[in-house]
Every structure is written in C-alpha cells, then in structure tokens.
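Note: hydrogens, waters and symmetry copies are ignored here, and every other heavy atom, side chains too, is used.
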Amino acid sequence: SPENLAEMLIFVVATQQQRWYDVVPKFPMLMQHVIENDGLLDPTTATKDEKGKTRWQIPRKFSQLTLGFRKDAIEQIWRNKDRIYSAMKPLFDTYNNAGGDSIEREDAMFKIYLELIKTKGLGLPKAAFASQLIIGRLGCIDSINLNLYKGLDPENKLVLQEC
C-alpha cells in the first residue's frame, strides 16, 4: 500500500547515521505521529527565527530521527506516498512476475533501484538498502562495513559512499 511503502522509505531515511538502539524505540513513535497528523511538519505550530528560518515543532521523543535533511525528506515521502506508490507498483509487479533468474527480473530490480534513487533523502547506498527491504536484493554499505573496508584498505584506494 502507499502507506506501507512510505513507512519503509521513512524508516530508511530515519536510520541514516543513527545507532540501531536509538532507532528501535523511536521509530514507532515517529510513525505514530506522522500517521496521526498526516505528516511530520505542522505549519500551524511552526515559528520563524530572527533570520526568517522556519523552526518546526517536532516532539523531542523522536526528533533525533528527523534532524537535518531528514525532516523534509520524511515530510515529502509522506505527502507524496500515493505518487511514489503509483510509480513503484508496476516495477514491483514486473519484478514479481519475471522468471527466477531471468534478465527481465534483473532489469526490473535495477529499475526499482533507479526509481528509489529519485526519492528525497535516498542516495545510492540508501536506495540500495530500500531495494533490499522491498525485494531482498542489493544492500547498503553501512558505517560498520565501511569501517571494515577502510581497515582492509589502509591506503583508501576503495571509493565507497557511507550510508
């Protein structure tokens, strides 16, 4: 459903550079707020600072998951959940209906990945993570694995993007 896909995408955005033990208890509270308020950001409670920048009132109990670019990405994903789902559903169907190890299935997987890259807040690694959650393929080079690669590559010849 559009709501389930949006929740998964919001999860991927919210986990960026966060410790798992912070995400586990806070993410359900974040989603409860988003669902109950039909979004993360409420313009009626926003204020402007002396420089004219909007200051959003986000509950402290989960605000850590919405810092920086995340709040706008979460808001945009939720507000556009129907459009995102409409764009993704035919790709999911193609993937699911393709033969097991067929080139059609590989092509569909890649198209899912390319569509996910267009989602605000998802770069190459996190689009791969979202793909992994949806279809069980691809994956993200997370901070732990990145540090492992750095340890194996002391001269930093590998170029990897951190999640």
Practice problem: Evaluate the side chain to side chain contact (heavy atoms under 4.5 Å, CB included) criterion for residues K126 and T15: first the C-alpha distance (whole Å), next the side-chain angles of each, then the deciding distance (0.1 Å), finally the verdict. | Solution: CA-CA 9 Å; K126 284 300 184 175; T15 62; 3.3 Å; yes
Quiz item: Can you find a pair of side-chain heavy atoms, one from K81 and one from L5, that are under 4.5 Å apart?
Solution: no
Quiz item: Should I84 and E115 count as side-chain neighbours, where that means a heavy-atom distance under 4.5 Å?
Solution: no
Quiz item: Is there a side-chain contact between I135 and M109, using heavy atoms and a 4.5 Å cut-off?
Solution: yes
Quiz item: Is it true that F11 and F27 have ring centroids separated by less than 6.0 Å?
Solution: yes
Exercise. Please name the pair of heavy atoms, one in S131 and one in I112, separated by the smallest distance, quoted to 0.1 Å.
Key: OG-CG2, 4.3 Å
Quiz item: At what distance, to the nearest 0.5 angstrom, does CZ of R60 lie from CE of M29?
Solution: 12.5 Å
Quiz prompt | Validation row: L116, I134 side chains within 4.5 angstrom (heavy atoms) | solution = yes
Exercise. Ignoring hydrogens and angles, tell me if any N or O in the side chain of T119 forms a donor-acceptor pair with the backbone of L122 under 3.5 Å.
Key: no
Quiz item: K120 pairs by side chain to side chain contact (heavy atoms under 4.5 Å, CB included) with which of V13, D72, L9?
Solution: D72
Quiz item: Any donor and acceptor pair, going by atom type alone, linking the side chain of N80 with main-chain N or O of R83 inside 3.5 Å?
Solution: no
Practice problem: Look only at the side chain of N37 and the backbone of G39, and say whether a donor-acceptor pair between them is shorter than 3.5 Å. | Solution: no
Practice problem: Evaluate side chain to side chain contact (heavy atoms under 4.5 Å, CB included) for R19 paired with V23, printing each intermediate quantity in order. | Solution: CA-CA 6 Å; R19 296 173 300 237; V23 173; over 6 Å; no
Quiz item: So, does S86 use its side chain to make a donor-acceptor pair with the main chain of D82 at under 3.5 Å?
Solution: yes
Quiz prompt | Within one Ile-Leu-Val-Met-Phe-Trp-Tyr cluster: W20 and F129, side-chain cutoff 4.5 Å | solution = yes
Quiz prompt | Min side-chain heavy-atom separation L67-K71 under 4.5 Å | solution = no
Exercise. Work out which heavy atom in V24 is nearest to a heavy atom in P28; give both atom names and the distance.
Key: O-CD, 3.2 Å
Exercise. Answer yes or no: is there a side-chain heavy-atom contact under 4.5 Å between F69 and Q16?
Key: yes
Quiz prompt | Y113 vs L124, side chain to side chain contact (heavy atoms under 4.5 Å, CB included): CA-CA, chis, key distance, verdict | solution = CA-CA 9 Å; Y113 174 67; L124 298 174; 3.5 Å; yes
Self-check item: I74 and L41: CA distance, side-chain angles, deciding distance, side chain to side chain contact (heavy atoms under 4.5 Å, CB included) verdict
Solution: CA-CA 9 Å; I74 291 167; L41 307 176; over 6 Å; no
Quiz item: Looking only at atom types and distance, does a side-chain atom of R70 sit under 3.5 Å from a main-chain N or O of I10, one as donor and one as acceptor?
Solution: no
Exercise. Give the minimum heavy-atom separation between A73 and G121, together with the two atoms involved.
Key: CB-CA, 3.9 Å
Quiz item: Do Q64 and K26 get their side chains close enough for a donor-acceptor pair, meaning under 3.5 Å?
Solution: yes
Practice problem: Using a 4.5 Å cut-off on heavy atoms from C-beta on, say whether the side chain of D107 contacts that of T94. | Solution: no
Quiz item: Can you name the nearest heavy-atom pair linking A127 to I117, along with the distance?
Solution: CB-CG1, 3.6 Å
Self-check item: Check: L40 and H33 side chains under 4.5 Å, non-hydrogen atoms
Solution: yes
Quiz item: With no hydrogens and no angle check, do the side chains of K48 and T54 hold a donor and an acceptor under 3.5 Å apart?
Solution: yes
Self-check item: Residues D42 and W56: side-chain donor-acceptor under 3.5 angstrom
Solution: no
Quiz item: Looking only at atom types and distance, does a side-chain atom of D22 sit under 3.5 Å from a main-chain N or O of Q18, one as donor and one as acceptor?
Solution: no
Quiz item: Is E75 paired with R79 through a side-chain N to carboxylate O contact shorter than 4.0 Å?
Solution: yes
Quiz prompt | Interatomic distance, R55 atom CZ to D49 atom CG [nearest 0.5 angstrom] | solution = 4.5 Å
Quiz prompt | Main-chain N/O of E106 paired with Y95 side-chain donor or acceptor, under 3.5 Å | solution = no
